[in-house]
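Report on the following structure.
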Amino acid sequence: MIKIPITKPYFDEKESEYVSAALSSGWVAQGPKVSEFEKILSEHEGVSDGIATTSATTALHLSMVSMGMGEGMDVIAPAFTFVATVNSIVMTGATPILCDISKDTYNIKVEDIIRIIDSNFTLTNDKLVNNKTGNVLWGIVPVHQFGLCCDIYAINEIAKKYGLNVIEDAACSLGARINNIHPGNFGNVACVSFHPRKSITTGEGGMIFTNNKLLADKMRRLRSHGASVSADQRDKARGFLLPNFDETGYNYRMNDIQASVGLAQTEKLDIIIDYKRKAAQIYNELFSKKVPELVTPIEPDNYFHTYQSYVCMLKEDVFDNIDIACNTRNNLLNKLEEIGIATRQGTHAIHLLGYYKNRFNYSPEDFWNSFLCDKLSISLPMFYGISFEEQELVVNSIREILDVLKNIKNVNCEA
Ligand SMILES: *Cc1c(COP(=O)(O)O)cnc(C)c1O
């Protein structure tokens, strides 16, 4: 029996009220509520355009195809992220080039991007060409992981130097910022998610943020089968004409029922983030006093962390070797689950996942920090409304379980 979930959406009567209104209006496909949701949320983030989609995965894919990513192209992405970051690259026909992360921020390591470019690509006719495959390096898809922005300014510098494209996977970082600037305003397209594990939810859903009007129009067309006039616009014009289709596209449309939930959630976004930031401080203080074996998340100067997830790492050097550390992590998570505290590992090391491991023949040590984060990270309960007592129970339980596990050695860690 789970007593403390890993996350929990914050709903009140507003969501039901707005959904009822959408149902009564009779408009349940993409319509005025989606437009309103796009407008209000993009204004909140300070961007000119929001394009709502069915998920962050389809938002990423739509951005990628709209900006020309495809076969014969390489794309750099972090090796420690949710699989959808890299799957969406594969869906376009392009080839992902994994890059390791920094253990302290869980974000892509800029020095490694430079090293990958220098050692695998040659500048030919203003394009970076892969020495082995002949693919052209199209761009970089950095992730703002767990609610903390990556070093996007340094990434933009590299992109500018070589004429690369950048699409930011901000799936878990709606509301995050650097110097008060939100994803979507760093000069690139950014994609957020409304899955229930993210800042706010529409059940499933996503949104692309951009300040590029022309690109936004193209993404709106491709979101809806390549139609040059949206159903909403057609309705407003009282037109009976079918739209024209000069391009081929998808059906990645969010609907007005989801957008109605999104509108109610947007009203709560700031208080949800504020609550989680305070809860993160409480965890930080409790852990620093009671569990020195854990590294708690950092918030660099001028960065604003939204703590979509509160992710810690077991310190490897506290244990005799990495296998013991890793097995301690797994045992700890199992024991927490048994007493009703839900946890997860932070996210995946992509190079350990079957499809990627087999296709690219990766070994665990190819991206060592990503490997360590896969094996030693711990995502703890974090949601609007989590109580001090619940947080204390999580911390005290971890202390007690670690004290017991410390005496158990002979363990294996599946790589
Ligand atoms: C959650 C997540 C996604 C996928 O979001 P969906 O809306 O579920 O498609 C992609 N990338 C990252 C980094 C995520 O955390």
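Whatever order the structure lists ligands and atoms in, that order sets their numbers, starting from 1. Values below: all heavy atoms of this structure, side chains included; hydrogens, waters and symmetry mates excluded. Since the structure is predicted, the reported quantities are computational estimates derived from the model, not experimental observations.
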Enumerated ligand 1 atoms positioned under 4.0 Å from heavy atoms of [X]:
| X | result |
| --- | --- |
| Cys172 | 15 (O) |
| Thr85 | 11 (N), 13 (C) |
| Ser193 | 5 (O), 6 (P), 7 (O) |
| Val143 | 13 (C) |
| Thr81 | 13 (C) |
| Gly205 | 7 (O) |
| Ala171 | 2 (C), 3 (C), 10 (C), 11 (N), 12 (C), 14 (C) |

Donor-acceptor side-chain pairing of [X] and [Y] below 3.5 angstrom:
| X | Y | answer |
| --- | --- | --- |
| Glu15 | Gln265 | yes |
| Gln391 | Tyr310 | no |
| Asn188 | Asn156 | yes |

Would you mind checking which non-hydrogen protein atom is closest to [atom], with the distance to 0.1 Å?
| atom | result |
| --- | --- |
| atom 9 (O) of ligand 1 | Thr57 OG1, 2.5 Å |
| atom 11 (N) of ligand 1 | Asp169 OD2, 2.7 Å |
| atom 5 (O) of ligand 1 | Ala56 CB, 3.3 Å |

Open item on the list: Using side-chain heavy atoms (C-beta onward) and a distance below 4.5 Å, is Phe80 in contact with Tyr106?
Closed with: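 Side chain of Phe80 against side chain of Tyr106, heavy atoms only: contact under 4.5 Å found.
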- [ ] Please state which part of Lys198 comes within less than 4.0 Å of ligand 1, counting heavy atoms only: side chain, backbone, both or neither.
- [x]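 The part of Lys198 near ligand 1 is the side chain, not the backbone.
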Open item on the list: If we only consider heavy atoms of Gly206, is any one of them less than 4.0 Å away from an atom in ligand 1?
Closed with: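 Gly206 does not count as a contact of ligand 1 under the 4.0 Å cut-off.
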Task: Nearest heavy atoms of Pro381 and Ile341, plus distance in Å - done: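 Closest approach of Pro381 to Ile341: CG-CG2, 3.9 Å.
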Flag, side chain of [X] to backbone of [Y], donor-acceptor distance under 3.5 Å:
| X | Y | value |
| --- | --- | --- |
| Asp169 | Ala171 | yes |
| Asn165 | Trp138 | yes |
| Asp366 | Ser363 | yes |

